[in-house]
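See below for the structure under consideration.
Worth saying up front: this structure is predicted, and the values here are computed from it rather than measured. Ligands are counted one by one from 1 in listed order, and the atoms in each one are counted from 1 as well.
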Amino acid sequence: MQNALTTLLGTEHPLIQAPMAGVQGASLAVAVSNAGALGSLPCAMLTPEALQRELKALHAGTTHPVNLNFFCHVPPQPDAAREAAWRHALAPYYAEAGLDIAAVPAGAGRVPFSHDTANQIEAFRPPVLSFHFGLPAPDLLARVKRWGSVVLSSATTVAEARWLAAHGADAIIAQGLEAGGHRGMFQSDDLNSQMGTMALLPQLVAAVNVPVIAAGGIADAAGVAAAMALGAAGVQVGTTYLCSHEATTSTPHRTALQSEAAQLTALTTLFSGRPARSIVNRVMRELGPLNPAAPAFPLATAAMAPLRAHWEALGSGDFSPLWAGQNTRGCQNLPAADITRQLVKGFSLDL
Ligand SMILES: Cc1cc2nc3c(=O)[nH]c(=O)nc-3n(C[C@H](O)[C@H](O)[C@H](O)COP(=O)(O)O)c2cc1C
């Protein structure tokens, strides 16, 4: 199917594999791009060395367009009192695991897109760049646009979509509340402002003059067709790719996605400091998914990481971010190309 979005992205189909930091690298992006959709490489958590390695793998794996994804958050001021409260909340779990909380390294874990990052990717000439949590500063945005990169970003409200359109986004991802992973919200932290895909999408389509891409809860061809019927120019799908052969999703995460546990997801700040949708696990149940002690994004990650590593080594996802959208019905152990082929059938379904 060809439309304004395929023209913009240079793809055969208006389908984007959502960038998913922590559960995929270049292999998933390559498989999806070679199947005619737009594969994405999440770059927010990559060191400069890892980024170069992944860019080489993209270059070697496909001649089709691929999207590079970055975060645009404003790094927070460290807050000693909140950090102390957070460590206090986690202390019993450290004791249970026999770990030393004093040895936890402080650190951000995720850095926002910067001129440094732009230097690292410039030679690659990324055809598409997508951002979460807004857009980079105007000079940085102008720089990537001079390369010819098409710029996408997620909106979770009508006001965010209008802001993105006015500030240079070439297409806007309407991220419904069903979506897995971090809410892309960047203008408010009021979770009541967040809407489901079916409510958000038509309102965004009416509000802006750039193509709108539906995301959140789309797991099969019928979901794709429904989004297109509501005026989407294309779709972005994440959760449905989490159990694909090429994803690096951990075993406890895959098991949770394909079990009854996936029926209960919640927005949680425990793993990073920003609300993100995860399957509910032990630490979310016991501390409460939105515990106010969790430090601001991305500082909550550091003290949770040793607990996560400890329990994952024992085969448990009880302290891991089990990111997942509300619709896990599409999670299948299949090559990503097969999943892509199933989804694109939705573009020719007549509703
Ligand atoms: C495991 C996981 C990790 C994610 N990581 C990112 C990310 O690094 N960058 C980003 O822009 N979006 C990220 N997202 C959100 C997706 O872009 C998208 O909004 C979401 O997957 C769509 O909803 P769905 O999961 O129901 O398909 C992530 C989603 C998941 C499930």
| remark: re atom 29 (C) of ligand 1, the protein heavy-atom contact at minimum distance is Gly180 O, 3.1 Å
| Less than 3.5 Å between some nitrogen or oxygen of Ala215 and one of ligand 1, yes or no? | no
| field | Test log, rule ring-ring contact (aromatic ring centres under 6.0 Å, His included), inputs Phe297 and His182 | value | CA-CA 11 Å; Phe297 184 89; His182 284 97; 5.4 Å; yes
| field | Protein residue, atom and distance nearest to atom 9 (N) of ligand 1, heavy-atom basis | value | Asn69 OD1, 2.8 Å
| request: Could you give me the CA-CA distance, side-chain angles and deciding distance for Gln332 and Gln342, then say whether side chain to side chain donor-acceptor pair (under 3.5 Å) is met? | output: CA-CA 11 Å; Gln332 307 164 82; Gln342 291 177 9; 2.9 Å; yes
| note | Closest to atom 19 (O) of ligand 1 among protein heavy atoms sits Gln175 NE2, 3.0 Å
| said: Please classify the Phe131 to ligand 1 contact at 4.0 Å (heavy-atom distances, strictly less than): side chain, backbone, both or neither. | reply: neither
| field | Under 3.5 Å: N/O of Gly238 near N/O of ligand 1 | value | yes
| field | Distance from atom 1 (C) of ligand 1 to nearest protein heavy atom, with residue and atom | value | Trp323 CB, 3.4 Å
| request: Look at atom 12 (N) of ligand 1 and say which protein heavy atom is nearest, naming residue and atom and giving the distance to 0.1 Å. | output: Pro19 O, 3.5 Å
| query | Under 4.0 angstrom from ligand 1, any heavy atom of Gly216? | reply | yes
| Checking side chain to side chain donor-acceptor pair (under 3.5 Å) for the pair Gln263/Gln326: CA distance, chi angles, key distance, verdict? | CA-CA 7 Å; Gln263 291 299 302; Gln326 287 179 322; over 6 Å; no
| message | I want to confirm something. Looking only at heavy atoms, which of Ser278, Gly217, Pro321 is nearest to atom 26 (O) of ligand 1? | response | Gly217
| Any N/O pair Thr239/ligand 1 closer than 3.5 Å | yes
| query | Any idea which protein heavy atom is nearest atom 17 (O) of ligand 1, and the distance to it? | reply | Gln236 NE2, 3.0 Å
| task | Count the heavy atoms belonging to other residues, nucleotides or ligands that lie under 6.0 Å from CZ of Arg329, then report whether that count exceeds 12. | result | no
| query | Could you give all pairs that pass the salt bridge (Lys or Arg N to Asp or Glu O under 4.0 Å) test and reach residues 298-311, with sequence neighbours left out? | reply | Arg308-Glu312
| message | Just to verify, what does Lys56 make a salt bridge (charged side-chain N to carboxylate O under 4.0 Å, His left out) with, not counting sequence neighbours? | response | none
| Hey, is ligand 1 close enough to His132 that some N/O pair sits below 3.5 Å? | yes
| field | Residues Ser130, Asn69; criterion side chain to side chain donor-acceptor pair (under 3.5 Å); working and verdict | value | CA-CA 5 Å; Ser130 75; Asn69 172 258; 2.8 Å; yes
| query | Taking everything shown except His115 itself, do over 12 heavy atoms lie less than 6.0 Å from its NE2? | reply | yes
| said: Is it the case that the side chains of Gln175 and Gln194 hold a donor-acceptor pair, with the cut-off being a distance below 3.5 Å and no angle test? | reply: no
| message | Taking 4.0 angstrom as the limit and counting only heavy atoms of Ala18, give me the atoms of ligand 1 inside it, by number and element. | response | 16 (C), 17 (O), 18 (C), 21 (O)
| Which residue holds the protein heavy atom closest to atom 4 (C) of ligand 1, what is that atom called, and what is the gap in Å? | Met20 CA, 3.4 Å
| task | Check whether the ring centres of Phe186 and Phe133 lie less than 6.0 Å apart, and answer yes or no. | result | no
